[in-house]
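Reading through the structure tokens given below for one structure.
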Amino acid sequence: MANYYTDHPEIDFHLSHPLMKRLVELKEDSFKDAKEFDYAPVDHEDAIENYRRILDITGDVAANVIEPNSESVDLEGPHLENGRMIYASKTFENLDVTRKAGLYGVSMPRRYGGLNLPMVVFSMMSEVISASDAGFQNIWSLQSCIDTLYEFASEEQRQKYIPRICAGETMSMDLTEPDAGSDLQRVMLKATYDEKENCWRLNGVKRFITNGDSDIHLVLARSEEGTKDGRGLSMFIYDKRNGGVDVRHIEHKLGIHGSPTCELTYKNAKAELCGDRKLGLIKYVMALMNGARLGIAAQSVGVEQEAYNEGLAYARERAQFGEKIINFPAVYDMLSRMKAKLDAGRSLLYQTARYVDIYKSLEDIARFRKLEPEERAEMKQFSKLADAFTPLAKGMNSEYASQNAYDAISIHGGSGFIMEYKSQRLYRDARIFSIYEGTTQLQVVAAIRYVTNGTYLQVIKDMMQSEVSEEMKPLKARIAPLVDLYEKAVTYVKEQQSEAVHDFLARRLYDMTTEIIMSLLIMDDATRAPELFSKSANVYVRMTEEDVCAKAYYVMHFTEADLASFRAE
């Protein structure tokens with residue numbers, strides 16, 4: 001029987017990464033929970049085995065329930081009845097099965113009914129579910145909004161809401177408005193304090209809200225009258241049980257049809273303040289968005305995998321001119337690039353998740369005891385790495401998902417354009433990944449300061465010091481001149497005294513940065529598991545060589561005078 005986890009040993013490989021030892025130790029806080037919870041692990045090996053059991057259940061549910069339901073969900077989609085969003089019929093089945101399988105409260109502590117799993121395992125589960133149906137992954141993975149509530153809400157609020165999410169209730173983050181898309185400082189949904197009822201009231205409209213009729217919402221609203229920027233925004237918790245929010249419209253989208261995208265009207269809706277006033281955008285949304293961006297990276301890797309699977313299966317079966325098309329150089333070149341992007345993208349995703357796990361676990365430990373100086377230094381180090389790597393993982397994987405889905409259609413030829421084949425749905429689903437939770441352009445904006453201040457260059461130079469296998473040494477030798485080219489390109493851009501030039505060339509520097517880092521990651525993977533990754537390492541390094549050389553040449557031959565040729569009339 002198919003299993004979307006065990007069918008792909010490349011996923012399990014990442015549970016053996018050297019950082020997992022420290023990660024598990026921190027997440028389990030020296031395995032203290034084993035004294036109170038009989039299902040808590042007692043040591044590292046027990047924890048890893050527990051992760052594998054959860055992933056095996058997830059892979060089984062994904063392959064044998066969610067994927068078979070995906071076509072029906074795509075065709076039916078959600079609909080609107082009396083101000084309420086009603087899921088597609090098979091989505092209810094998916095929700096029921098995932099609840100019965102215990103796949104909720106993934107990251108939450110056991111004291112609230114959670115599974116206490118690290119972000120790297122949650123990302124693996126997200127990848128697997130996305131491969132079966134990216135639209136359902138949106139609904140399921142939004143449980144991660146509870147991380148923000150756990151981090152910033154009061155203990156009373158944690159006790160009130162977290163067990164409900166662990167039991168399988170749904171969440172949404174209500175940020176965007178008709179006049180406030182990427183520019184969240186323009187949010188105008190009004191929050192006023194009701195002295196009589198001792199609660200907050202929300203009034204206004206939210207748009208493009210994924211899973212917008214969920215059970216529990218985190219809502220960004222303007223609490224400070226007379227303000228017009230981010231300093232007047234706070235975060236609120238809205239409980240659907242209290243009423244006051246209706247669904248006015250469900251968007252008709254190109255893809256991810258199973259994921260309802262709603263326009264909401266708030267009419268004197270009762271809400272609770274989450275955390276402190278005025279920090280809604282400045283602090284809480286930033287935390288919320290970083291988690292969401294890692295979720296989209298995982299969603300993207302899942303679709304990258306499924307697109308590759310579809311392309312490979314079709315190429316093995318389809319014959320033209322008396323030959324299976326998988327033997328045509330144009331086709332196996334395409335497939336090899338798809339696999340290389342998948343393997344390198346997955347490696348970047350899980351490296352980022354490990355960085356997040358280490359610093360978040362130390363933050364959590366700091367709630368209960370003072371950190372030692374070396375622990376504080378470790379938390380600072382991994383927090384910076386997580387912040388630097390998240391826009392790389394989200395941006396590049398979301399682009400790769402679209403590219404792999406596009407190539408899957410190309411391999412299918414005319415059949416790929418026919419609705420009966422899955423590749424067209426993967427292509428439609430993938431297109432949103434580089435748009436929502438921050439476009440690729442915004443990921444470039446988030447990453448570029450780490451380019452110009454030398455953070456990525458130092459990471460790359462540190463990675464270049466790592467030992468690789470004999471088989472990988474020739475590839476590493478090919479990366480060394482690319483690092484030099486990259487450093488020269490960054491220096492050249494910094495020397496241009498033009499913000500417009502900096503902005504124009506930022507995407508190329510971002511691509512070069514990410515491709516070099518991903519090359520080094522996949523070489524490390526191939527050193528430890530050559531049977532899984534040697535081919536992808538060879539292909540990906542050559543792709544990087546091709547791209548970095550071209551982009552470095554472009555960057556270092558660009559001046560401010562050239563901008564005039566690109567400006568729209």
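Only a predicted model underlies this, so the values are computations on that prediction, with no experimental measurement involved.
- The residues K476 and E471 are annotated as not salt-bridged, no charged nitrogen and carboxylate oxygen being separated by less than 4.0 angstrom.
- Heavy atoms of other residues, nucleotides or ligands lying less than 6.0 angstrom from NZ of K253 number more than 12.
- Taking a cutoff of 4.0 Å between a charged side-chain nitrogen and a carboxylate oxygen, R22 and E378 qualify as a salt bridge.
- Using a 3.5 Å distance cut-off with no hydrogens or angles, the side chains of Y510 and Q441 do not pair a donor with an acceptor.
- Side-chain polar atoms of S172 and S214 form a donor-acceptor pair below 3.5 angstrom.
- Salt bridge status for D357 with K360: absent, with no side-chain N to carboxylate O gap under 4.0 Å.
- Ion pairing between a basic and an acidic side chain is recognised when a charged N comes within 4.0 Å of a carboxylate O; E71 and K90 show no such pairing.
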Evaluation steps, salt bridge (Lys or Arg N to Asp or Glu O under 4.0 Å), between E177 and R207: CA-CA 5 Å; E177 296 180 9; R207 191 184 181 200; over 6 Å; no
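- If you check the side chains of T440 and E399, you find a donor sitting under 3.5 Å from an acceptor.
- Counting only N and O atoms by type, the side chains of Y150 and D364 include a donor and acceptor under 3.5 Å apart.
- A heavy-atom distance below 4.5 Å is found between the side chains of K488 and M556.
- Side-chain atoms of D133 and S70 form no donor-acceptor pair, as typed in the model, at a separation below 3.5 Å.
- No hydrogens or angles considered: nothing links the side chains of Y421 and E310 as a donor-acceptor pair under 3.5 Å.
- Taking every heavy atom of both residues into account, C549 and L482 meet most closely at SG-CD2, 3.8 Å.
- Taking a 6.0 Å sphere around OH of Y284, one finds it holds more than 12 heavy atoms contributed by other residues, nucleotides or ligands.
- The number of heavy-atom neighbours closer than 6.0 Å to CZ of R507, taken from other residues, nucleotides and ligands shown, is above 12.
- A salt bridge links D511 and K551; the closest N-O separation between the charged side-chain nitrogens and carboxylate oxygens is under 4.0 Å.
- A donor atom on one side chain and an acceptor atom on the other are not found under 3.5 Å apart for T210 and S259.
- The residues R428 and D74 are annotated as salt-bridged, a charged nitrogen and a carboxylate oxygen being separated by less than 4.0 angstrom.
- Side chains of T390 and N290: a donor-acceptor N/O pair is absent below 3.5 angstrom, by distance only.
- No side-chain donor from either of Y540 and D343 sits under 3.5 Å from a side-chain acceptor of the other.
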Test salt bridge (Lys or Arg N to Asp or Glu O under 4.0 Å) applied to K394 and E437, step by step: CA-CA 9 Å; K394 195 278 184 184; E437 312 309 344; over 6 Å; no
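- Counted within 6.0 Å of OH on Y554, heavy atoms from surrounding residues, nucleotides or ligands total more than 12; the atom is thus considered enclosed.
- Taking 4.0 Å as the cut-off between side-chain N and carboxylate O, E304 and K341 do not count as a salt-bridged pair.
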Working for salt bridge (Lys or Arg N to Asp or Glu O under 4.0 Å), residues E10 and K339: CA-CA 11 Å; E10 296 90 344; K339 184 62 160 63; 3.3 Å; yes
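- Classification of E487 and K461 as a salt-bridged pair holds, one side-chain N sitting under 4.0 Å from a carboxylate O.
- In this structure, a donor-acceptor pair under 3.5 Å is present between the side chains of D147 and S107.
- Put simply, the side chain of L521 reaches to within 4.5 Å of the side chain of Q351, judged on heavy atoms.
- A donor-acceptor pair shorter than 3.5 Å can be found between the side chains of Q458 and D462.
- With no hydrogens or angles considered, no side-chain donor-acceptor pair links N397 and S300 at under 3.5 Å.
- Across all non-hydrogen atoms, the minimal contact from I250 to P78 is CG2-CG, 4.1 Å.
- No side-chain N or O of Q403 forms a donor-acceptor pair with one of R337 less than 3.5 Å apart.
- Note: Y486 and Y456 fail the aromatic proximity criterion, with ring centroids not under 6.0 Å apart.
- In summary, the aromatic rings of Y436 and F208 are positioned with their centroids too far apart to meet the 6.0 Å limit.
- The shortest heavy-atom contact between T58 and I129 is CG2-CG1, 3.8 Å.
- Counting only N and O atoms by type, the side chains of D60 and Y5 include no donor and acceptor under 3.5 Å apart.
- If you check the side chains of D525 and Y350, you find no donor sitting under 3.5 Å from an acceptor.
- A side-chain donor from one of Y104 and T98 sits under 3.5 Å from a side-chain acceptor of the other.
- For the 3.5 Å distance criterion, the side chains of N3 and D56 qualify, holding a donor opposite an acceptor.
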